[in-house]
J.: 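Okay, here's the structure, questions in a sec.
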Amino acid sequence: MSLGYAEKLSYIEDVGNVGMVEYFDPSHVLREKIDQLAIMIKKSKHLVVFTGAGISTSCGIPDFRGPKGIWTLQREGKALPEASLPFHRAAPSLTHMALVELEKAGILKFVISQNVDGLHLRSGIPREKLAELHGNSFMETCPSCGEEYFRDFEVETIGLKETSRRCSVAKCGTRLKDTVLDWEDALPSKEMNPAEKHCKQADIVLCLGTSLQITPACNLPLKALRGGGKVVIVNLQKTPKDKKASLVIHGFVDKVIAGVMDQLNMQIHPFVRIDLFQIILVQALSNDERYVNWTLQVASVHGQKAALPFIESVEISFLDREDYKAAILDKQPFRLKRRTAYNKAFEMVLKLNFSDGCGCSSLEIDVPVDFKVSTDCFDFDKDYIFQKLRDKAVLESRCGQNAVIERKAILTPRSDVTTYAIVTNVVQYSKTCKAALDSLSNGDFKKRKASVTGTGSSRKRSKVSSKCKREC
């Protein structure tokens with residue numbers, strides 16, 4: 001990843017050992033507290049959730065102050081933890097998806113997050129109901145018109161710096177900036193103002209997986225108290241705000257939320273990740289009009305120079321054309337240049353080999369080519385296609401489903417651009433039931449492997465991103 005954690009530790013003010021020791025409520029106490037929390041949520045009129053790193057540890061992203069947290073290990077001089085998959089492939093946890101269900105049901109009014117992992121947005125929480133106090137590692141914003149761009153790759157800078165891309169809004173074109181704060185950066189009013197507003201309106205602020213130690217963010221939940229609201233804290237460590245909370249639960253966040261959802265009789269639906277890419281075919285007719293010089297590129301929808309993090313290589317073969325040489329593209333940009341006869345149509349097969357963290361290892365796509373025939377342009381209803389892909393992926397319990405969502409022709413240089421949507425992950429979550437509640441035990445809790453895959457492959461481990469530097 002781009003920056004080391006050690007470079008950021010010089011900004012940290014030592015706040016002591018509060019929050020480093022984990023506590024676990026006994027099973028019977030945990031069960032009673034889950035029941036109590038479920039009743040409180042059911043009666044709530046304005047529920048606000050305040051989240052930290054603890055809701056993402058089951059996604060393979062280390063926390064900070066836990067016994068194996070980043071800051072704890074740094075202080076002890078030990079090696080930093082490794083993520084179980086690339087940062088950009090992390091999937092939402094059970095808790096993330098449960099919050100989506102609560103929002104859809106009209107119970108959850110607003111989410112405030114200290115995390116920069118982008119998982120709330122990826123899970124399906126509407127942007128207008130989310131405040132990301134410390135930014136988003138996958139988000140760029142235009143300082144001129146305010147347009148936001150949610151990427152499938154990790155933005156290369158932090159500290160609200162300019163990136164290499166520009167705003168695509170007509171008549172704008174301003175250079176974009178990253179959104180992740182550095183330690184000296186003030187919390188943005190765009191995120192803080194709605195967060196404060198909703199905390200003041202809240203009858204419950206539910207704090208999940210946060211040590212509540214970094215100011216000013218940690219003081220937001222307390223604003224509910226002035227209006228008669230209550231604060232609930234679910235965290236493995238004690239926090240400085242415990243004494244002001246109406247309920248404190250020491251337990252794994254996923255376990256607690258699973259129990260609450262069961263008590264509310266609410267189902268947690270699978271997470272289906274859909275990624276986009278483009279196949280671009282650029283052609284130029286030779287002077288004698290007998291040949292075509294053409295270039296094929298498998299590119300990101302975020303720009304031809306942007307990385308395609310979920311594709312590792314592209315294998316290209318030609319059906320029924322033994323005279324056309326196959327190719328393997330194993331470096332980005334994935335680009336192939338060839339010269340063929342103008343009057344001969346042919347068909348290519350592109351085998352896309354996916355990177356670590358994807359639920360299937362590869363996908364084959366047929367690409368018919370006829371330079372004498374103009375490309376039909378169309379733009380389908382993307383939301384409709386995405387929903388069909390999700391439904392099919394869940395029904396079949398696998399990934400790899402794909403569809404063309406857009407095709408357009410560019411006159412200069414003459415190009416055909418086809419945009420594909422593909423399901424790259426399907427994640428099922430353990431079904432909550434009374435049997436699960438009966439066996440509640442914090443001490444021996446183990447996270448269920450949730451990925452439902454197609455053709456699998458071994459997955460490497462990679463260093464967790466340094467952009468998780470903010471305390472969550």
Side-chain angles (χ1 to χ4, degrees), residues 30-31 34-35 37-38 41 47 49 51-61 63 83-85 89-105 107-108 111 113 115 117-126 130 206 208-209 234 236 249 251-275 357-360 386-387 389-401 423-442 444-454 456 459:
L30 183 63
R31 187 180 296 107
I34 287 174
D35 292 345
L37 177 57
I41 291 176
L47 172 66
V49 170
T51 66
I55 73 164
S56 295
T57 53
S58 62
C59 308
I61 301 174
D63 64 0
S84 58
L85 74 171
R89 296 308 306 178
S93 66
L94 179 149
T95 298
H96 285 101
M97 298 307 295
L99 297 183
V100 173
E101 302 296 341
L102 290 170
E103 187 279 324
K104 288 180 178 178
I107 298 172
L108 175 59
V111 176
S113 178
N115 299 342
D117 53 33
L119 290 177
H120 281 303
L121 273 183
R122 211 170 291 286
S123 69
I125 292 292
L130 172 66
L206 176 58
L208 301 176
V234 181
L236 286 178
I249 305 177
F252 290 100
V253 175
D254 283 349
K255 198 77 169 180
V256 172
I257 296 302
V260 168
M261 295 297 283
D262 184 82
Q263 292 297 91
L264 296 175
N265 198 28
M266 295 181 68
Q267 182 181 359
I268 301 174
H269 290 88
F271 167 71
V272 178
R273 174 159 178 169
I274 297 177
D275 283 294
C358 293
C360 47
F386 290 168
Q387 191 57 53
L389 290 175
R390 290 189 186 98
D391 292 344
K392 188 176 182 181
V394 172
L395 181 65
E396 297 176 352
S397 293
R398 65 177 182 86
C399 63
Q401 297 78 8
V423 175
T424 54
N425 282 100
V426 182
V427 182
Q428 300 275 1
Y429 301 91
S430 299
K431 184 178 180 181
T432 59
C433 58
K434 291 184 178 180
L437 290 176
D438 291 340
S439 62
L440 271 179
S441 175
N442 267 319
D444 60 2
F445 173 74
K446 295 181 180 179
K447 183 177 79 71
R448 172 179 177 266
K449 290 185 178 180
S451 292
V452 179
T453 66
R459 300 303 177 192

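None of these values were measured; they are calculated from a predicted model. Below, all heavy atoms of this structure are taken into account, side chains as well, without hydrogens, waters or symmetry copies.
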J.: Could you tell me if the side chain of Val100 sits less than 4.5 Å from the side chain of Ile125, heavy atoms only?
T.: yes
J.: Which heavy-atom pair separates Met97 from Pro92 by the least distance, and what is that distance?
T.: SD-CB, 3.9 Å
J.: Check whether any side-chain heavy atom of Asp275 lies under 4.5 Å from a side-chain heavy atom of Arg89, and answer yes or no.
T.: yes
J.: Do Ile61 and Leu119 come close enough that some side-chain heavy atom pair is under 4.5 Å?
T.: yes
J.: Decide yes or no for Val256 and Leu30: does some side-chain heavy atom of the first lie under 4.5 Å from some side-chain heavy atom of the second?
T.: yes
J.: Do you know the tightest heavy-atom contact between Val423 and Ala393?
T.: CG1-CB, 3.9 Å
J.: Do you know the tightest heavy-atom contact between Tyr429 and Ile268?
T.: CD1-CG2, 4.2 Å
J.: Would a 4.5 Å heavy-atom cut-off, applied to side chains only, mark His269 and Glu101 as touching?
T.: yes
J.: How far apart are the closest heavy atoms of Cys399 and Gly359, and which atoms are they?
T.: SG-C, 3.3 Å
J.: Can you find a pair of side-chain heavy atoms, one from Val272 and one from Leu389, that are under 4.5 Å apart?
T.: no
J.: For His96 and Ser93, test the side chains for any donor-to-acceptor distance below 3.5 angstrom and give the result as yes or no.
T.: yes
J.: Where do Met266 and Ile107 land on the side chain to side chain contact (heavy atoms under 4.5 Å, CB included) test, with the steps shown first?
T.: CA-CA 12 Å; Met266 295 181 68; Ile107 298 172; 4.2 Å; yes
J.: Kindly compute the distance separating NE2 (His120) from OG (Ser56), expressed to the nearest 0.5 Å.
T.: 7.0 Å
J.: Using the rule side-chain contact (heavy atoms from CB on, under 4.5 Å), only one of Leu206, Ile55, Ile257 pairs with Val49; which is it?
T.: Leu206
J.: Can you tell if the side chain of Ser397 reaches within under 4.5 Å of the side chain of Gln428, non-hydrogen atoms only?
T.: yes
J.: Using only atom types and a distance under 3.5 Å, with no angle test, would you say the side chain of Asn425 pairs donor to acceptor with the backbone of Cys358?
T.: no
J.: Taking atom CD of Gln267 and atom CG of Asp262, what is their separation to the nearest 0.5 Å?
T.: 11.5 Å
J.: Of all the heavy-atom pairs spanning Gly259 and Ile34, show the shortest one and how long it is.
T.: C-CG2, 3.5 Å
J.: Quick one: pull up CD1 in Ile249 and CG in Leu37 and give me the separation to the nearest 0.5 Å.
T.: 5.0 Å
J.: Can you confirm whether Asp117 sits close enough to Cys59 that some side-chain heavy atom of one is under 4.5 Å from a side-chain heavy atom of the other?
T.: no
J.: Of all the heavy-atom pairs spanning Leu99 and Leu208, show the shortest one and how long it is.
T.: CD2-CD1, 4.4 Å
J.: Nearest 0.5 Å please: distance from the NZ atom of Lys255 over to the CG atom of Leu94.
T.: 10.5 Å
J.: If you measure from CG on Asp254 to OG1 on Thr95, what distance do you get to the nearest 0.5 Å?
T.: 3.5 Å
